[in-house]
Every structure is written in C-alpha cells, then in structure tokens.
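What follows is a single structure, written as structure tokens, with notes after it.
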Amino acid sequence: MRLLTSFVFLLSLTQNALAQDCTALFQAKKQLVANTMLCPSAMNEDLTQLHKHILETHPDPTYYGEINDLSNAFQNAKASISQPLSVFDFILVINKYLSALKDSHSGINPKQFLYSVNLNRQVLPFFVEQIDGHFYVSSAHHPDFILGAELLQIDDFSVSQLFEIGKALSLNEGNATAARDEIASEYMSVAYNLLAMSLNTPRSATVTSVDLKGDTIQQTIPFTASWKYFLSALFKGKEDNVSYIFDEQNNGILTIDSFEPLSLSHFKKQVDAFFSEVKLRNCQTVYIDLRNNLGGLLRAEEYLYSYINTNKTPIQTNYLYKRSDYDRFALLSPIQQMQFVNRAKIVYPNGLISKEYDFYKLPKGSTYTILYDYIPENNLNYTFYGDCKLILNANSMSASVLFAGWFRHIQRGEILGATCMGGMGGTFGNPAVITLDHSQIDVMVSTLKFTPLHIQERVLAPIEPDVPLKATREDILERRDPFMRYLKSHQK
C-alpha cells in the first residue's frame with residue numbers, strides 16, 4: 001500500500017512538472033517560438049479550431065486530393081501532439097496538416113513571428129540561391145557574409161537541415177513541387193532565425209562556408225536588431241508596383257511586382273503609359289515580368305491581358321464560393337452590404353450582381369458557382385500584336401498564375417524563367433486569416449476557387465517555362481539578373 005501511494009505521488013509530481021513545462025498561451029512579444037512549449041490540450045484545441053474552420057469556409061478541400069485526405073491529415077496531426085511541443089514544432093505540424101489541401105492560399109506565413117515581435121530582438125538575415133544542389137550566398141544584411149560563397153553550416157544547422165525545414169514551411173499549389181523547393185531556399189533564413197532568435201541579448205553566429213578561393217572557412221557574424229533590418233528593407237522597397245524600360249534593341253520590358261495596387265485606376269494609367277510608348281516606339285517584342293508577383297486583384301491582371309489579347313478571347317472564369325462568415329460578401333461592412341443588396345434588388349433577376357445576390361441569400365455552408373464572362377478592354381483601345389514573352393518564377397502566384405494560364409491558353413508566346421505556383425486549372429484565392437487561440441499562429445484559408453471555363457478536369461501539373469532561366473554563381477558575383485543575361489545573349 002505504501003509502495004502504491006509512493007508511485008501515485010511520483011506520478012502526480014511528474015504530471016505537475018510536465019504541466020509547468022508547457023503553456024496554454026503563447027505570447028509572441030515575450031517568448032520565443034523555439035523554446036516555448038505548448039501543452040497538448042492547447043494544441044489539440046487549436047488544431048480542432050482550424051479543422052472546423054476549414055470545413056466551414058474552404059470552397060473545396062478535396063479539389064487536389066481524395067475525399068479522406070484532410071480528415072486523415074487531421075488524425076495524423078492529432079497523434080503527433082500527445083506531448084508538449086515547441087511553438088515552432090507545432091507550426092510544422094499545422095503546415096503538414098494544411099499541405100493535404102495543396103492550396104497555396106491556405107497556410108502559414110512563417111515570417112509572422114519575425115515581424116510580430118519586440119523589435120529589439122536579434123536576427124541574422126541572409127539569402128541563398130540553390131545551384132546544382134549547392135547553396136550560395138546571394139545577399140545578406142551583414143557585410144561579413146561573402147557573396148557567392150557556398151554556405152555549408154550556421155551554428156549547428158547544416159544547410160541540408162535548413163532546406164528540409166524550409167520545405168516543411170513552404171506553400172504548394174497542386175503539384176508545383178519545383179516552385180515549393182525554390183521558395184524553401186528563401187525560407188532557410190526564416191527557419192534559422194526562428195530557431196536561433198534571441199531576446200535583447202547581443203549574439204553572433206558561426207558561419208561555415210567555402211569561399212571564392214575554394215577554402216573552407218569559419219566566420220563569426222553578429223546578429224542585428226530586427227528593427228534595423230526591417231527599416232533598411234523598407235527603404236530598399238519600390239514605390240510603384242509597375243515599372244518599365246526599353247533596351248538598346250527596342251524591346252519593351254514591363255515589370256509588375258504586384259497586382260495589388262493602392263489604386264486600380266493608377267495601376268491602369270501606368271500600364272497605359274507603357275503600351276502607349278510601345279506603340280510610339282513601334283516595338284516588335286514585349287517582355288512581361290511577373291517574377292515575385294504574389295497576385296492581387298483579378299481586374300488588374302485582366303486589364304494587362306487586354307493589351308495582348310490578339311484574338312479577343314473572353315475571360316471566362318468560374319468562381320466557386322462557399323457561404324461563410326469569411327466569404328467576400330460577409331466581410332463587407334454593414335453599409336457596404338446594404339448598398340450591395342439595394343443595387344442587386346434594382347436589377348434583379350438580371351445581371352451578374354443578381355447571381356451574387358442569389359449566393360448572398362444562401363445559408364452558411366452552401367457552395368455556389370458563378371461564371372464571370374467578359375472581354376477585357378483598356379483605356380487606349382489598343383492591342384499589341386508583336387512578339388510577347390512572359391517571365392515567371394516560384395513566387396509568381398495567384399493572379400499571376402491566372403494570367404500565365406490565359407497567356408498559354410491563347411498561345412500568346414514563350415514563357416521564360418521557372419515553374420510558377422500553380423497550373424492551367426486556375427488557383428484558390430481570396431484567403432481570410434484566423435488566429436489560433438492558444439498558439440497565436442495566423443493561418444490563412446482560401447474562400448474562393450477560380451477555374452477557367454475551358455478546364456473540365458482537375459489539373460495538378462504546374463505551368464512550366466518554355467525557356468528555363470536559372471541563376472549561376474557568376475550571376476550572383478556580378479549581381480546580374482539571369483533574365484538580363486538571357487536578353488543580352490539573344491540580341492540580334
């Protein structure tokens with residue numbers, strides 16, 4: 001009896017110790033994701049909250065997979081949280097669960113806990129380029145990093161470990177694994193900084209690399225306060241989403257960093273200005289650069305499409321909605337909802353707005369497909385009939401993928417660059433963000449699916465380039481854009 005009593009007492013002590021070693025609420029401004037442990041009950045509630053939210057708001061969780069993929073992923077995730085985990089490890093659990101959707105608009109931004117922190121926290125920003133299985137430093141905040149050096153290890157983390165973590169943090173659309181892996185290279189720095197981030201204490205990292213002479217070296221590189229890095233990045237940012245140049249061969253090169261302008265009318269004026277000069281110069285070739293364009297307004301990308309749509313092919317896209325507290329109409333303000341309803345009633349049952357109103361009246365949980373069908377027009381009433389090429393990379397997402405799909409569908413020209421984040425079957429979109437109650441992880445979940453009308457079957461394959469462009473080590477050393485190298489080599 002005394003032995004049993006002693007065992008129960010020890011068990012109670014062990015349980016109390018475990019309870020004290022974990023928390024039910026993560027505080028991002030006071031704690032670190034790498035060493036703050038979440039209790040199993042807290043993680044289970046967060047996971048259940050997310051699963052319920054997806055079932056209520058996501059338009060088609062099974063589009064890219066099988067009927068039981070998400071429920072199986074949910075059960076596997078629950079089985080992996082029976083013991084306390086760090087917030088970082090729980091992020092990986094959540095992202096693995098979300099990967100069952102294969103939806104680039106449903107996931108986690110791993111940079112969240114780099115941004116929403118005490119700005120005096122220490123970070124070590126760096127970026128690498130993967131070339132033939134090796135990782136070369138392409139840029140870094142601290143000048144002691146050697147540009148073009150092959151990175152081998154930082155502290156106890158090998159680059160292969162950081163790359164695998166980067167893949168676990170990455171988003172994916174369908175089977176765009178090449179795009180996922182390219183983004184994983186960018187997330188290697190994020191992964192290291194989340195795992196190595198300190199509070200206000202100054203610290204440094206031991207960086208092992210192969211220098212330009214071929215010698216393996218070790219450097220001690222200090223971290224910097226995160227506010228200094230964020231401030232410097234802010235000043236380096238572009239003021240406009242749209243820019244363009246004309247080279248010596250009279251090629252027009254239009255770069256659109258985002259389809260999410262502060263003003264759609266200003267965006268249109270900028271695109272107008274480019275094509276006005278294309279017309280004036282009588283350019284024979286135009287390049288449209290959508291690299292690192294994460295998407296935005298469909299009306300913006302469709303306006304761009306109007307200038308190259310030589311056959312006046314209509315934009316015909318099925319929008320699959322799901323009625324929820326997070327759909328695009330539910331998120332309108334009360335005044336905007338009232339205005340929408342009044343406009344719809346005036347013309348009902350005619351017009352596209354009437355179809356939107358029919359969806360608006362449906363009960364929560366209902367799905368509804370609306371066909372948006374029109375031929376985009378532009379302010380200049382001008383169409384460019386010359387040679388047109390499109391440039392993409394892994395960060396060409398969402399509206400950029402839709403533009404690329406239409407570009408290839410009308411056989412408008414060659415696509416250069418790298419695999420983008422999606423395929424000819426369209427993309428998910430219009431994500432809404434929820435914050436998990438205990439871990440405070442922000443998770444975005446799609447509320448719409450965009451599918452071109454001519455796509456009749458599920459498409460998982462991504463849009464691949466006709467002409468692959470990949471950075472070389474020489475490009476890194478010379479700070480040269482691979483596209484500009486391509487352009488120079490193809491000058492007539």
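Judged by distance alone, the side chain of Ser276 and the main-chain N or O of Ala273 form no donor-acceptor pair under 3.5 Å. Ser106 contributes no side-chain N or O that, together with a main-chain N or O of Asp103, makes up a donor-acceptor pair within less than 3.5 Å. Formation of a donor-acceptor pair under 3.5 Å by the Ser189 side chain with backbone atoms of Phe126 is found in this model. Listed for the Lys322 side chain is a donor-acceptor partner under 3.5 Å among the backbone atoms of Leu55. Judged by distance alone, with hydrogens and angles left aside, the side-chain atoms of Gln112 form a donor-acceptor pair with the main-chain N or O of Gln440 at under 3.5 Å. Formation of a donor-acceptor pair under 3.5 Å by the Asn309 side chain with backbone atoms of Ser306 is not found in this model. Without hydrogens or angle criteria, Asn378 side chain to Tyr382 main chain gives a donor-acceptor distance under 3.5 Å. Here the side chain of Tyr303 pairs a donor or acceptor atom with the backbone of Asn379 at under 3.5 angstrom. Without hydrogens or angle criteria, Gln336 side chain to Ser333 main chain gives a donor-acceptor distance under 3.5 Å. Proximity of a side-chain donor or acceptor of Gln456 to a complementary backbone N or O of Leu453 within less than 3.5 Å is detected.
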Exercise for review: Give the C-alpha distance, both sets of side-chain angles, the deciding distance and a yes or no for side chain to side chain donor-acceptor pair (under 3.5 Å) between Asn68 and Asn72.
Suggested key: CA-CA 6 Å; Asn68 293 322; Asn72 290 339; 5.7 Å; no
Exercise for review: Start with the C-alpha gap between Asn175 and Thr177, add the side-chain angles, then the distance that decides, and say whether side chain to side chain donor-acceptor pair (under 3.5 Å) holds.
Suggested key: CA-CA 5 Å; Asn175 287 346; Thr177 53; over 6 Å; no
Exercise for review: Begin from the C-alpha positions of Phe483 and Tyr287 and carry the test ring-ring contact (aromatic ring centres under 6.0 Å, His included) through to its verdict.
Suggested key: CA-CA 10 Å; Phe483 165 64; Tyr287 294 86; 5.2 Å; yes
**Study point:** Chi angles and distances behind the ring-ring contact (aromatic ring centres under 6.0 Å, His included) call for Tyr321, Tyr368
**Key:** CA-CA 5 Å; Tyr321 292 93; Tyr368 193 72; 7.8 Å; no
Practice item. Could you check Leu320 against Tyr63 for side chain to side chain contact (heavy atoms under 4.5 Å, CB included), going step by step and ending with a plain yes or no? Key: CA-CA 11 Å; Leu320 174 62; Tyr63 179 81; over 6 Å; no
Review point. Can you list the steps and then say if Thr255 with Val242 is a side chain to side chain contact (heavy atoms under 4.5 Å, CB included)?
Key: CA-CA 6 Å; Thr255 301; Val242 180; over 6 Å; no
Check your understanding: Please walk me through it: do Cys283 and Phe246 pass side chain to side chain contact (heavy atoms under 4.5 Å, CB included)?
Key -> CA-CA 9 Å; Cys283 295; Phe246 295 88; 3.6 Å; yes
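Scanning both residues, Ser439 and Phe26, for their nearest heavy atoms gives O-CD2, 3.5 Å. Residue Gly429 comes nearest to His105 through the heavy atom pair CA-CD2, 3.5 Å, listed as atom of the first residue, atom of the second, then distance. The two residues Ser354 and Pro349 have their closest heavy-atom pair at OG-C, 3.3 Å. Nearest heavy atom pair, residue Ser104 against residue Leu171, reads O-CD1, 3.2 Å. Residues Leu448 and Phe450 approach most closely at CD1-CZ, 3.6 Å, considering heavy atoms. Summarising the geometry of Phe275 relative to Leu380, their closest heavy-atom pair is C-CD1, 4.4 Å, with the distance given to 0.1 Å.
Residues Tyr307 and Phe384 keep their aromatic ring centres 6.0 Å or farther apart.
One finds the CG atom of Asp481 at 7.5 Å from the CD1 atom of Ile391 (value rounded to the nearest 0.5 Å). Rounding to the nearest 0.5 angstrom, the gap separating the CG atom in Leu92 from the OG atom in Ser99 is 11.0 Å. Within the model, atoms CZ of Phe74 and CG of Asp69 stand 15.0 Å from one another, a figure rounded to the nearest 0.5 Å.
Below 30°, between 30° and 60°, or above 60°: for Tyr372 and Tyr319 the angle between ring planes is between 30° and 60°, a tilted geometry. Aromatic ring orientation, Phe267 versus Phe259: perpendicular (interplanar angle above 60°, classes split at 30° and 60°).
Taking the side chain as every heavy atom from C-beta outward, Val445 and Leu50 approach each other to under 4.5 Å. Side-chain contact check for Phe135 versus Leu162: every heavy-atom pair is 4.5 Å or farther apart. In this structure, the side chains of Asp387 and Val286 stay at 4.5 Å or more apart for every pair of heavy atoms.
Atom NZ of Lys470 is surrounded by more than 12 heavy atoms from other residues, nucleotides or ligands within 6.0 Å. More than 12 heavy atoms of other residues, nucleotides or ligands lie within 6.0 Å of NZ in Lys167, so this atom counts as buried by the packing criterion. Annotation for Asn350: atom CG counts as buried by contact number, over 12 foreign heavy atoms lying within 6.0 Å. By the 6.0 Å contact criterion, NZ on Lys52 is open, its count of non-hydrogen atoms from other residues, nucleotides or ligands being 12 or less.
Using a 4.0 Å cut-off between charged nitrogen and carboxylate oxygen, Arg480 and Asp475 count as a salt-bridge pair.
Residues that satisfy the ring-ring contact (aromatic ring centres under 6.0 Å, His included) test with His266, not counting sequence neighbours, are absent from this structure. For Arg343, the side-chain contact (heavy atoms from CB on, under 4.5 Å) partners at least two apart in sequence or on another chain are Gln339, Phe340, Ile353.
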Show every donor-acceptor pair shorter than 3.5 Å between a side-chain atom in residues 413-422 and any protein atom, with sequence neighbours excluded, or say none if there are none.
from: Glu414; atom 1: OE1; to: Lys389; atom 2: NZ; distance (Å): 3.0
from: Thr419; atom 1: OG1; to: Glu464; atom 2: OE1; distance (Å): 2.6

